[in-house]
Amino acid sequence: MTSAALGASTSQVEVTNISQHGFWLLLEDEELFLPYSEFPWFLDAPVGKILHVDLPSANHLYWPELDVDLAVESIRHPKQFPLVSRVGA
């Protein structure tokens with residue numbers, strides 16, 4: 001007996017792993033790592049809120065429960081994008 005092939009994934013972005021150092025995103029066919037040292041907004045966030053990520057456009061990620069917006073390029077090249085946080089402001 002053989003099983004039918006699974007359908008194509010409907011999610012274009014998915015958190016695939018979370019560790020004490022950061023988390024990995026699968027964005028279409030590219031895997032990206034977001035270290036907490038570069039993206040501190042996620043450090044104390046509950047796992048469920050990190051997992052809830054949207055891709056409103058090809059170059060834009062949004063975590064609605066954390067109100068965090070990131071350009072995909074800022075993940076690929078974090079040194080080119082200085083951290084800006086208004087937490088506690």
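- How far CD of Glu14 is from CD of Glu31: 10.0 Å, rounded to the nearest 0.5 Å.
- In this structure, Tyr36 has its ring center no closer than 6.0 Å to that of Trp41.
- One finds the CG atom of Leu27 at 6.0 Å from the CG atom of Leu55 (value rounded to the nearest 0.5 Å).
- Proximity of a side-chain donor or acceptor of Trp24 to a complementary backbone N or O of Phe33 within less than 3.5 Å is not detected.
- Atom-to-atom distance recorded for Leu26:CG and Gln12:CD is 11.0 Å, nearest 0.5 angstrom.
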- Message: As a quick check of understanding, evaluate side-chain contact (heavy atoms from CB on, under 4.5 Å) for Leu34 and Leu70, giving each step before the final call.
- Response: CA-CA 11 Å; Leu34 286 81; Leu70 290 176; 3.9 Å; yes
- Run the side-chain contact (heavy atoms from CB on, under 4.5 Å) check on Ile18 and Leu51 step by step: do they pass? CA-CA 9 Å; Ile18 299 176; Leu51 293 174; 4.3 Å; yes
- Ile75 and Phe39: CA distance, side-chain angles, deciding distance, side-chain contact (heavy atoms from CB on, under 4.5 Å) verdict: CA-CA 9 Å; Ile75 299 169; Phe39 303 94; 4.1 Å; yes
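- In this structure, Tyr62 is not a member of the same hydrophobic cluster as Leu66, with clusters built from ILVMFWY side-chain heavy atoms closer than 4.5 Å.
- The distance from atom CZ of Arg76 to atom CG of Asn59, rounded to the nearest 0.5 Å, is 7.0 Å.
- Heavy-atom minimum distance, Val72 versus His60: CG2-N, 3.9 Å.
- Shortest non-hydrogen contact noted between Leu61 and Val13 is CD2-CG2, 3.7 Å.
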